[in-house]
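Proteins come first, then strands; the chains are lettered A, B, ... in the order of their sequence lines, and each starts at number 1. None of these values were measured; they are calculated from a predicted model.
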Protein chains: 2
Amino acid sequence: MEMRQDIRDSLARRRQRPLVLEVRDELERMILHGEIPGGERLNEAALAEQLGVSRGPVREAARSLEREGLVRTVANDGVYVRSLSVDEVLELYDLRAMIAGYLCGRLAARGDAQTAARLTEDVAQMDDAIAAGDEPRYFELNLSFHDRIAAAAGAERARTLYVALGKEVRLMRRRVLSGAASLRTSNAEHGQIAAAIAAGDAARAQALGAAHHENAKERLLETL
Amino acid sequence: MEMRQDIRDSLARRRQRPLVLEVRDELERMILHGEIPGGERLNEAALAEQLGVSRGPVREAARSLEREGLVRTVANDGVYVRSLSVDEVLELYDLRAMIAGYLCGRLAARGDAQTAARLTEDVAQMDDAIAAGDEPRYFELNLSFHDRIAAAAGAERARTLYVALGKEVRLMRRRVLSGAASLRTSNAEHGQIAAAIAAGDAARAQALGAAHHENAKERLLETL
DNA sequence: CAACAGAATATTGTTGACAATCGACAATCT
DNA sequence: AGATTGTCGATTGTCAACAATATTCTGTTG
């Protein structure tokens with residue numbers, strides 16, 4: 001059914017999603033894209049005006065971001081975009097590696113043949129992307145590969161942590177190494193992980209999943 | 001307006017501390033003590049009146065608790081105290097075990113002789129408490145033992161996660177097994193952990209720290 | 001010129017009022 | 001009766017004004 005444009009507009013304007021969620025997503029986006037640099041204070045009034053809302057939702061959104069580690073709050077002063085030291089980043093990589101391993105292990109233990117098959121497909125597509133020199137596509141597929149594991153592992157809390165830590169890592173604006181060689185190495189690890197999951201070998205999947213992320217940490221260290 | 005005396009007092013004592021922090025601590029305490037049962041909705045207006053503040057700080061405190069996993073928010077409906085399924089609790093134990101292991105390993109790698117000595121003292125004191133049949137004292141010492149490790153490991157993010165997961169686990173109101181026998185077993189594990197840390201054996205400390213928490217999960221499973 | 005006190009300003013903290021939304025129940029229609 | 005619609009009360013969502021606090025500026029003083 002075709003809907004009159006003005007009606008559609010008014011519905012869109014009268015969004016059902018609370019403003020605080022919109023504001024939170026937008027603040028998160030701005031921080032992760034570096035539009036608000038690390039160490040900078042978030043000015044409530046300025047942000048509220050910029051986003052066309054009042055300060056209430058902005059404050060609530062900031063509280064929400066605080067728990068996720070993207071900002072830190074100083075009483076009677078304001079909330080500041082967090083900036084990470086090298087040691088903190090390395091710790092985040094360690095934590096994420098452990099949780100990624102756990103997710104891989106849980107998924108392997110489930111015997112989810114359909115997900116295992118799709119993971120194997122993902123690996124093949126990433127190989128294609130490497131061969132085609134299409135790095136953006138590789139990164140996109142890489143993201144969905146790991147998301148798929150996290151989503152199908154049946155461990156929602158671990159998944160939440162994994163995603164949150166992933167965002168936190170991005171506070172470090174440094175670009176990771178790319179290049180066809182390291183991509184091939186990385187995807188070979190993906191293949192082993194997918195195979196262990198398909199084989200239902202939980203211990204091996206866990207070890208490989210953790211090692212894969214530890215390797216990412218090593219690759220990062222080489223750039224420092 | 002009726003105001004709780006303790007809140008009023010803390011207001012008078014330290015005006016520097018924003019209300020939202022007081023409210024957050026109080027809400028957290030109420031939830032963890034079971035004063036607000038799992039599944040119950042937090043009524044903003046009622047809580048605000050009870051605590052002698054307006055709804056703003058209550059809402060902000062709720063957002064803060066949301067990220068910690070103690071409550072879940074339903075848009076246009078309210079925030080509900082989370083209640084955990086058995087599977088969720090087991091997952092929390094797994095995650096906490098991994099992070100505890102990580103903290104033990106990091107601490108062992110630091111070669112912090114002073115902390116290692118205090119941990120050994122803690123173990124001895126817990127032995128005394130068991131011999132005296134003083135379970136409350138044992139639990140107190142047990143808590144400080146693990147806090148000491150987390151605080152001295154030099155991994156603040158992991159420490160934060162460990163503490164948060166500990167609170168989350170407490171959402172399950174079930175009481176863990178006690179009794180002198182299981183206390184002795186548990187404290188023997190403490191002793192081994194302290195020894196591995198004192199010896200600077202990071203891998204062993206990590207494995208023992210994780211195993212200690214996995215055992216706690218097993219003891220929980222036996223009560224189900 | 002440095003150190004300090006105090007006003008001026010900017011920003012966060014808090015509040016009460018109003019709008020939007022939802023669930024329950026009553027009224028109406030077929 | 002059963003389904004649909006309308007209304008009401010309770011609760012959350014949002015806002016703008018006011019209060020408290022921190023920061024900056026400035027003039028004064030030793």
Test side chain to side chain donor-acceptor pair (under 3.5 Å) applied to [X] - qualifying residues, sequence neighbours left out:
| X | result |
| --- | --- |
| Asn215(A) | Glu189(A) |
| Glu140(A) | none |
| Arg55(A) | Glu44(A) |
| Asp122(B) | Arg148(B) |

[X] has an atom [atom1]; how far is it from atom [atom2] of [N], in whole Å?
| X | N | atom1 | atom2 | value |
| --- | --- | --- | --- | --- |
| Leu19(B) | dT21(D) | CG | P | 11 Å |
| Asn76(A) | dA10(C) | CG | P | 19 Å |
| Arg72(A) | dT12(C) | CZ | P | 14 Å |
| Arg24(B) | dT14(C) | CZ | C1' | 18 Å |
| Arg17(A) | dT21(C) | CZ | C1' | 17 Å |

>> Rounding to 10°, can you tell me the angle the first-five-pair axis of the helix from dC1(C)-dG30(D) to dT30(C)-dA1(D) makes with its last-five-pair axis?
In response: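 Answer for the end axes of this duplex: 10°.
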
> Listed by chain and number, what are the side-chain contact (heavy atoms from CB on, under 4.5 Å) partners of Asn43(A), not counting sequence neighbours?
Replying inline: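 With sequence neighbours excluded, Asn43(A) shows a side-chain contact (heavy atoms from CB on, under 4.5 Å) to Arg41(A), Ala45(A), Ala46(A), given in chain and number order.
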
> side-chain contact (heavy atoms from CB on, under 4.5 Å) with Ala153(A): which residues, sequence neighbours excluded?
Replying inline: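 Once residues adjacent in sequence are excluded, the partners of Ala153(A) under the side-chain contact (heavy atoms from CB on, under 4.5 Å) criterion are Leu103(A), Arg106(A), Leu107(A).
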
Tabulate atom names and distances for all N/O pairs under 3.5 angstrom spanning the protein and nucleotides 7-11 of chain D.
{"from": "dT11(D)", "atom 1": "OP1", "to": "Asn43(B)", "atom 2": "ND2", "distance (Å)": "3.4"}

>> Looking at Gly69(A), is its backbone amide N or carbonyl O close enough to the side chain of Arg82(A) to form a donor-acceptor pair, meaning the two atoms are under 3.5 Å apart?
In response: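 Side chain of Arg82(A) to backbone of Gly69(A), a donor-acceptor pair under 3.5 Å: yes, one is there.
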
> Is there a donor-acceptor pair under 3.5 Å between the side chain of Glu91(A) and the backbone N or O of Arg157(B)?
Replying inline: yes

>> For DNA chain C, which residues of residues 46-59 of chain A approach it to below 4.0 angstrom with any heavy atom?
In response: Arg55(A), Arg59(A)

> Quick one: ring-ring contact (aromatic ring centres under 6.0 Å, His included) partners of Tyr138(A), sequence neighbours excluded?
Replying inline: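 For Tyr138(A) there are no ring-ring contact (aromatic ring centres under 6.0 Å, His included) partners, ignoring immediate neighbours.
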
>> Among residues at least two apart in sequence or on other chains, which ones pass ring-ring contact (aromatic ring centres under 6.0 Å, His included) with Tyr162(A)?
In response: His213(A)

> Between Arg24(B) and Glu60(B), is there a side-chain N and carboxylate O pair less than 4.0 Å apart?
Replying inline: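 No, Arg24(B) and Glu60(B) are not salt-bridged.
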
> Could you state the interatomic distance from CZ (Arg63(B)) to CZ (Arg59(B)), rounded to the nearest 0.5 Å?
Replying inline: 6.0 Å

>> As an exercise, state the distance from CG of Leu95(A) to CG of Leu90(A), rounded to the nearest 0.5 Å.
In response: 11.0 Å

Report, one pair per line, the protein and nucleotides 6-9 of chain C atoms (nitrogen or oxygen only) whose separation is under 3.5 Å.
none

